[in-house]
J.: 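The following block contains the structure, expressed as structure tokens.
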Amino acid sequence: MRCGLPAFLYRQIELVKPNVILAMGEQQRNRSSRPKQSLGSLRNQIHRFRGIPVVVTYHPRPAA
């Protein structure tokens, strides 16, 4: 999974070394390597970002 993240987030991910990344909401879908796919179609799959598993889901409080 490629993302258009700000440079500081790449560094924070390197420092924190998370076991998994949870990407929530439409903004995360727009930053993924497949921005034209629906958020629902990206769910229920394990994606990878620099070897780290990424799980995509809906944000608990979507924008109105």
J.: Using every non-hydrogen atom in the two residues, find where P53 and I46 come nearest and quote the distance to one decimal.
T.: CB-CG2, 3.8 Å
J.: Please check if V16 and L22 belong to a single hydrophobic cluster, counting links between Ile, Leu, Val, Met, Phe, Trp and Tyr side chain heavy atoms closer than 4.5 Å.
T.: no
J.: What distance do F8 atom CZ and I13 atom CD1 have between them, rounded to the nearest 0.5 Å?
T.: 10.0 Å
J.: Of the non-hydrogen atoms in P18 and I52, which two are nearest, and what is the gap between them?
T.: O-CG2, 3.7 Å
J.: Could you report the tightest heavy-atom contact between R43 and V56, atom names first, then the distance?
T.: CG-O, 3.4 Å
J.: Kindly indicate whether the side chain of V20, heavy atoms from C-beta on, has any atom under 4.5 Å from the side chain of V55.
T.: yes
J.: Which distance, rounded to the nearest 0.5 Å, do you find between the CG of L9 and the CD of E14?
T.: 11.5 Å
J.: Has H47 got a side-chain atom pairing as donor or acceptor with L42's backbone, closer than 3.5 angstrom?
T.: yes
